[in-house]
Amino acid sequence: PKAKTIKIAEATDYRDKRVRVFGWVNRLRVQGRDMMFVVLRDGTGYLQSILNGRLCHTYDALTLTLESTVALTGVVQKVPEGKDAPGGHELIVDYWEVVGRAPGGDDAVTNRISSDADPSLLYQQRHLVIRGDTASAVLKVRSRVMRAFRDHFDSKGYFEVTPPCMVQTQVEGGSTLFSFNYYGEEAYLTQSSQLYLETCLPSMGAVFTMAESYRAEKSSTRRHLSEYTHCEAEIPFITFEDLLDGIEEMVKDVVARVWAEPAARAMIEQLNPKFSPPTEPFVRMRYADAIKWLNEHGIKREEDGKDFEFGDDIPEAPERRMTDAINKPILLTHFPGPIKAFYMPATKEDPRVTESVDLLMPGVGEIVGGSMRIWDYEDLKAAYEREGLDTAPYYWYLDQRKYGSCPHGGFGLGIERFLAWLTDRFTVKECCLYPRFVGRCQP
Ligand code: 4AD
Ligand code: MG
């Protein structure tokens, strides 16, 4: 019978039927003269395929290499009990052809460069590295995670918007702005879509975006990229408590949605065997108590070896030490104004601290930054003055406070940091397709 062309993921529906499958040679094992095992990969899955007898004797068979593309035709069979094969079935090939030959040797196996190889080689060869089982699993989980965020916001009735990436305003401080020549004017790559999301509230209510944000970070760390995917939401008429609850609920719901998909769950379990979805209430801790915690645990400031003081920024390393020691998600709140962004309002009880929050996850540290927003026109103008920012380019942002203002807040979550936590990757550089960081803008 004429064989139907199928994807590997569909193989279960074709047991005992003759099919044709296209793909890449992911693994190759020759057993004697008359038997070859090919694990075929087509992006939808892996299929163990067996070539017998004269099928192994041709020139193509004798010179077959890893990463070559082939078309295999044969019957899908359930594998015998006790024999391991991806998907629980294998293809008994009766006809096959080479589509595109790969050279074999070192080039063909770059997709299996061990993860302790020279990292710069991994990034230089990233286009081949992503063919590997681990890298491709992370990218597939990422796809499911992005969908889960969209489904989460959709289920709450938020609209998705797509703000511009080319802007003339800053959100998170001048020191990490990437600037470029925009028809003779200075412009920047956006650091955050927050200000634009705020302008959508009066017409669309709660909104979210999944867009690229850009930061000219001066050094390369485990969790900083120059370009990252930023999931941001903005919600009108909420309190600070509502904001904290919303962040916690979102993280739990997104994980639950991904976990409910067997294929995604299997990949996460493979990448991060210790992982279980968070169910307990997140720890809620004030900045002032974090400072106390660091001092009680003998963690000192890096610059002078002294105790932390109220007002100090908590850098990446001590933040991670605290989060790892507590080993639970922490909503860290009430940061002092001077170490936070200009748009964050002071609390009523204590003008030294703001209605601000970071969500810290074990293994990574901060994955979310959020706050309520100053919503009074005069207060916001005063905040610009304190920051030394010219308000002219922000006329549209100030207008929001003129034409019907309201208490509102929102947050931003770094998708790569979320994935580093979920899939237990050492660095966010493994959690995006082609990482951008100091010294790398290729491939
Ligand atoms: O804390 P950030 O700077 O907050 C904002 O940009 C707010 N305007 C967001 C908002 O309220 N709408 O960034 C938010 C998150 C961080 O918690 C982190 O997960 C991620 O964005 N992030 C980065 N991820 C990778 N590389 C970088 N250089 C990042 N900078 C921030
Ligand atoms: Mg932050």
Side-chain angles (χ1 to χ4, degrees), residues 134-158 160 206 208-211 213 222-223 225 228-235 241-285 319-320 322-333 357-370 410-433:
T134 303
S136 60
V138 173
L139 293 176
K140 287 176 184 174
V141 171
R142 181 183 161 109
S143 163
R144 296 305 181 244
V145 161
M146 303 267 295
R147 189 171 68 190
F149 273 104
R150 289 199 159 96
D151 289 346
H152 167 77
F153 290 120
D154 190 52
S155 77
K156 293 171 58 119
Y158 291 26
E160 178 170 359
F208 77 99
T209 189
M210 312 266 277
S213 279
R222 282 165 65 168
R223 65 180 201 191
L225 294 163
Y228 70 96
T229 304
H230 204 172
C231 170
E232 294 182 274
E234 198 68 30
I235 314 107
E241 281 304 310
D242 296 335
L243 179 69
L244 302 184
D245 293 344
I247 293 169
E248 174 166 348
E249 181 197 319
M250 171 189 72
V251 169
K252 287 177 172 166
D253 184 50
V254 166
V255 174
R257 285 172 190 272
V258 177
W259 200 246
E261 270 185 72
R265 177 175 170 164
M267 286 186 283
I268 295 167
E269 285 175 328
Q270 190 95 51
L271 295 162
N272 188 2
K274 301 183 308 292
F275 185 81
S276 62
T279 49
E280 303 274 297
F282 290 1
V283 173
R284 296 190 183 197
M285 189 183 205
E319 179 191 271
R320 196 163 38 227
M322 182 181 83
T323 316
D324 289 354
I326 295 172
N327 200 24
K328 285 179 185 152
I330 305 169
L331 286 159
L332 192 62
T333 61
V357 56
D358 278 2
L359 175 61
L360 314 180
M361 289 310 208
V364 184
E366 177 192 342
I367 69 162
V368 175
F411 58 85
L413 172 143
I415 291 289
E416 293 78 10
R417 290 196 189 176
F418 181 89
L419 280 164
W421 165 70
L422 182 67
T423 65
D424 190 30
R425 295 299 94 192
F426 178 73
T427 160
V428 292
K429 294 169 192 166
E430 292 177 61
C431 300
C432 54
L433 190 55

**OP:** Report yes if the side chains of His230 and Thr209 come closer than 4.5 Å at any heavy-atom pair, otherwise no.
**Re:** no
**OP:** Kindly compute the distance separating OG1 (Thr427) from CG (Leu225), expressed to the nearest 0.5 Å.
**Re:** 7.0 Å
**OP:** Of all the heavy-atom pairs spanning Arg257 and Ala148, show the shortest one and how long it is.
**Re:** CD-O, 3.8 Å
**OP:** In sequence, state the C-alpha distance, the side-chain angles, and the governing distance for Thr323 and Glu366, and then conclude on side chain to side chain contact (heavy atoms under 4.5 Å, CB included).
**Re:** CA-CA 9 Å; Thr323 316; Glu366 177 192 342; over 6 Å; no
Original post:
Going from CG on Leu244 to CG on Leu332, what distance comes out if it is rounded to the nearest 0.5 angstrom?
Top reply: 11.0 Å
Original post:
What about the rings of Tyr158 and Phe208, do their centers lie closer together than 6.0 Å?
Top reply: no
**OP:** Taking only Lys NZ, Arg NE, NH1 and NH2, and the carboxylate oxygens of Asp or Glu, determine whether Lys429 and Glu416 approach each other closer than 4.0 Å.
**Re:** no
Original post:
Under the 3.5 angstrom rule, does the side chain of Arg320 hit a backbone N or O of Pro362 as a donor-acceptor pair?
Top reply: no
Original post:
Quick one: CD1 on Ile367 to CE on Met361, what's the gap to the nearest 0.5 Å?
Top reply: 4.5 Å
Subject >> Asp324 side-chain N/O to Gly363 backbone N/O, donor-acceptor pair under 3.5 Å >> reply: yes
Original post:
Has the side chain of Thr423 got a donor or acceptor atom that lies under 3.5 Å from a matching backbone atom of Ala420?
Top reply: no
Subject >> For the student: nearest non-hydrogen atoms of Ala264 and Arg144, plus distance >> reply: CB-CG, 4.1 Å
Subject >> Residue from Asp358, Val357, Leu359, Leu331 passing side chain to side chain contact (heavy atoms under 4.5 Å, CB included) with Val368 >> reply: Leu359
Original post:
Counting only N and O atoms by type, is there a donor-acceptor contact under 3.5 Å from the side chain of Arg223 to the main-chain atoms of Val364?
Top reply: yes
Subject >> pair Arg425-Val138: side-chain heavy atoms closer than 4.5 Å >> reply: yes
Subject >> Taking every non-hydrogen atom, the tightest pair across Phe153 and Ala233 >> reply: CE2-CB, 3.8 Å
Subject >> From Leu360 atom CG to Glu319 atom CD, the distance as rounded to the nearest 0.5 Å >> reply: 4.5 Å
Original post:
Of all heavy-atom pairs between Gly412 and Glu232, which one has the smallest distance, and what is that distance?
Top reply: CA-CG, 3.7 Å
Subject >> Which residues share a salt bridge (charged side-chain N to carboxylate O under 4.0 Å, His left out) with Arg147, sequence neighbours left out >> reply: Glu261
**OP:** Look at Glu241 together with Arg284 and state whether they make a salt bridge at an N to O cut-off of under 4.0 Å.
**Re:** yes
Subject >> Straight-line distance of Ile415 CD1 to Cys432 SG, nearest 0.5 Å >> reply: 11.5 Å
**OP:** Taking Glu160 for its side chain and Arg150 for its backbone only, find out whether a donor-acceptor pair lies under 3.5 Å.
**Re:** no
Subject >> Validation row, ring centre Phe149 to ring centre Phe418 under 6.0 Å >> reply: yes
**OP:** Show the numbers, then the answer: is there a salt bridge (charged side-chain N to carboxylate O under 4.0 Å, His left out) between Glu249 and Lys156?
**Re:** CA-CA 11 Å; Glu249 181 197 319; Lys156 293 171 58 119; 3.4 Å; yes
Show me the donor-acceptor pairs within less than 3.5 Å that the side chains of residues 266-282 make with the rest of the protein, sequence neighbours left out.
from	atom 1	to	atom 2	distance (Å)
Glu269	OE2	Arg265	NE	3.1
Glu269	OE2	Arg265	NH2	3.4
Asn272	ND2	Leu422	O	2.9

